[in-house]
*Asks:* 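One structure follows; several queries about it will come next.
These numbers come from the heavy atoms of this one structure, side chains and all, not from hydrogens, waters or symmetry mates. From a predicted model like this one, the values you see are computed outputs, not experimental measurements. Quick note: residue numbers are just sequence positions, from 1.
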Amino acid sequence: MKVYAYLHPQLNILCCAILPEAVPQGVQAIEFEVENLSDVIYDGTQIRLKTPEEKLNEQKQEKLQQLKQIFASKIAQTDYILIKIEEAKLLNQDIQPLLDRYATQLQERQQLRQHYEELKQAIQDATTLEELQSIVLEL
């Protein structure tokens, strides 16, 4: 899509218009061909398009945030087990029965953490948008 980017004369913020007539009179606009309006930025000195590296880093941060939310939701489902174990420790009780009782859940927590770390590393190591988009966030 074609957009016309300009700095708002009073607010000094980046604005984009779809039609050239929407640009205020007397304001210089730069015409860009973009897939997404968020590709146009003002870096403090010039209006320009994001570089591929900037787009990749932005997408990485979004994907890492999604992964973090999914992980937090999944791991929280068994937090009560750790609370029980810690409470038993504080009361000087034998925690072995709890460790035995919840061995499967504790092992699943460990596997969940390991898979989270692997996905996190894969996201950080991605070198292209295609590679990043191919990473499925399933825990």
Side-chain angles (χ1 to χ4, degrees):
M1 101 177 90
K2 194 175 284 194
V3 297
Y4 301 87
Y6 62 95
L7 288 179
H8 189 282
Q10 285 85 29
L11 302 175
N12 201 37
I13 59 171
L14 177 65
C15 298
C16 290
I18 304 296
L19 301 171
E21 327 51 268
V23 176
Q25 229 176 357
V27 173
Q28 182 183 0
I30 302 171
E31 182 181 320
F32 291 105
E33 188 67 37
V34 296
E35 291 178 23
N36 191 318
L37 284 178
S38 67
D39 290 346
V40 181
I41 61 169
Y42 177 62
D43 65 11
T45 59
Q46 65 179 342
I47 298 171
R48 63 179 179 81
L49 295 177
K50 290 179 187 171
T51 65
E53 183 178 320
E54 287 171 323
K55 287 181 186 182
L56 178 63
N57 287 333
E58 189 176 87
Q59 290 293 317
K60 281 183 180 183
Q61 291 308 311
E62 287 177 22
K63 197 138 193 165
L64 285 168
Q65 186 60 34
Q66 290 171 352
L67 176 63
K68 190 176 183 180
Q69 289 172 345
I70 293 167
F71 174 75
S73 172
K74 294 273 188 180
I75 201 91
Q77 295 172 13
T78 56
D79 281 350
Y80 71 94
I81 295 169
L82 297 181
I83 294 168
K84 282 183 169 189
I85 293 169
E86 286 304 311
E87 183 178 37
K89 283 181 187 178
L90 288 172
L91 298 172
N92 293 321
Q93 296 174 348
D94 182 14
I95 62 167
Q96 193 57 51
L98 291 172
L99 294 175
D100 293 341
R101 179 177 177 186
Y102 295 112
T104 302
Q105 291 91 334
L106 292 170
Q107 184 178 6
E108 288 170 356
R109 280 179 69 93
Q110 184 58 34
Q111 290 170 346
L112 182 63
R113 279 188 190 287
Q114 183 177 348
H115 191 55
Y116 166 78
E117 290 299 328
E118 290 167 359
L119 284 172
K120 183 176 161 185
Q121 193 63 52
I123 292 168
Q124 292 169 339
D125 291 347
T127 58
T128 65
L129 283 173
E130 294 76 24
E131 182 182 356
L132 182 63
Q133 291 167 351
S134 72
I135 298 171
V136 179
L137 299 182
E138 287 184 6
L139 291 175

*Asks:* Quick check: do L106 and L82 have side-chain heavy atoms less than 4.5 Å from each other?
*Replies:*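 Yes, close enough: below the 4.5 Å cut-off.
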*Asks:* At what distance, to the nearest 0.5 angstrom, does NZ of K84 lie from CD of E86?
*Replies:*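 It is 14.0 Å, given to the nearest 0.5 Å.
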*Asks:* Go through the steps for V27 and H8 under the test side-chain contact (heavy atoms from CB on, under 4.5 Å), then give the verdict.
*Replies:* CA-CA 8 Å; V27 173; H8 189 282; over 6 Å; no
*Asks:* Show every salt bridge (charged side-chain N to carboxylate O under 4.0 Å, His left out) that has at least one partner inside residues 28-48, sequence neighbours left out.
*Replies:*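 The answer is K2-E31, D39-K55, D43-R48, R48-E54.
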*Asks:* Tell me the closest heavy-atom pair linking L19 and Y4, and the distance in Å.
*Replies:*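 Looking at all heavy atoms of both residues, the closest pair is C-CD1, 3.9 Å.
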*Asks:* Is a side-chain donor or acceptor of K60 paired with a backbone partner of A126 at a separation under 3.5 angstrom?
*Replies:*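 Yes, the answer is positive, given that a donor and an acceptor are paired below the 3.5 Å cut-off.
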*Asks:* Should E58 and E62 count as side-chain neighbours, where that means a heavy-atom distance under 4.5 Å?
*Replies:*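 Yes - at least one pair of side-chain heavy atoms lies under 4.5 Å apart.
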*Asks:* Quick one: which residue pairs count as a salt bridge (charged side-chain N to carboxylate O under 4.0 Å, His left out) with a foot in residues 7-26, not counting sequence neighbours?
*Replies:*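 As it turns out, there is no salt bridge (charged side-chain N to carboxylate O under 4.0 Å, His left out) pair with a partner in residues 7-26 once direct neighbours are skipped.
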*Asks:* Using side-chain hydrogen bond (donor to acceptor under 3.5 Å, both in side chains) as the criterion, list what pairs up with T127, not counting sequence neighbours.
*Replies:*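 Counting only residues at least two positions away or on another chain, T127 forms a side-chain hydrogen bond (donor to acceptor under 3.5 Å, both in side chains) with E131.
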*Asks:* Please say whether more than 12 non-hydrogen atoms of neighbouring residues, nucleotides or ligands are located less than 6.0 Å from CD in Q46.
*Replies:*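 Yes, CD of Q46 has more than 12 neighbouring heavy atoms, counting only those of other groups under 6.0 Å.
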*Asks:* Look at the side chain of K63 and the backbone N and O of L132, then say whether any donor-acceptor pair between them is shorter than 3.5 Å.
*Replies:*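 Looks like yes, one N/O pair under 3.5 Å.
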*Asks:* Go through the steps for V40 and I30 under the test side-chain contact (heavy atoms from CB on, under 4.5 Å), then give the verdict.
*Replies:* CA-CA 10 Å; V40 181; I30 302 171; over 6 Å; no
*Asks:* Please evaluate residues V3 and I18 with respect to the criterion side-chain contact (heavy atoms from CB on, under 4.5 Å), reporting the C-alpha separation (whole Å), side-chain torsions for both, the decisive distance (0.1 Å), and the verdict.
*Replies:* CA-CA 5 Å; V3 297; I18 304 296; 4.0 Å; yes
*Asks:* Does the side chain of T78 reach to within under 4.5 Å of the side chain of E108, using non-hydrogen atoms?
*Replies:*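 T78 does not reach E108 side chain to side chain.
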*Asks:* Is there a donor-acceptor pair under 3.5 Å between the side chain of K50 and the backbone N or O of L56?
*Replies:*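 No; zero donor-acceptor contacts below 3.5 Å.
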*Asks:* Under 3.5 Å, which donor-acceptor pairs link side chains of residues 65-77 to any protein atom two or more places apart or in another chain?
*Replies:*
none

*Asks:* Rounded to the nearest 0.5 Å, what separation is found between the CD1 atom of I85 and the CG atom of L98?
*Replies:*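 So the CD1 of I85 and the CG of L98 are separated by 6.0 Å.
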*Asks:* Y6: which residues meet the side-chain hydrogen bond (donor to acceptor under 3.5 Å, both in side chains) condition with it, sequence neighbours left out?
*Replies:*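 Partners of Y6 under the side-chain hydrogen bond (donor to acceptor under 3.5 Å, both in side chains) test: none.
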*Asks:* Under the rule for side-chain hydrogen bond (donor to acceptor under 3.5 Å, both in side chains), what residues qualify as partners of T104, not counting sequence neighbours?
*Replies:*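 T104 satisfies side-chain hydrogen bond (donor to acceptor under 3.5 Å, both in side chains) with no other residue.
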*Asks:* Indicate whether the side chain of Q96 and that of D100 have a donor and an acceptor atom separated by less than 3.5 Å.
*Replies:*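 Side-chain D/A pair, Q96 to D100: present.
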*Asks:* Pick out which of Q121, K120, Q114 makes a side chain to side chain contact (heavy atoms under 4.5 Å, CB included) with E118.
*Replies:*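 For E118, the side chain to side chain contact (heavy atoms under 4.5 Å, CB included) test succeeds with only one of Q121, K120, Q114, which is Q114.
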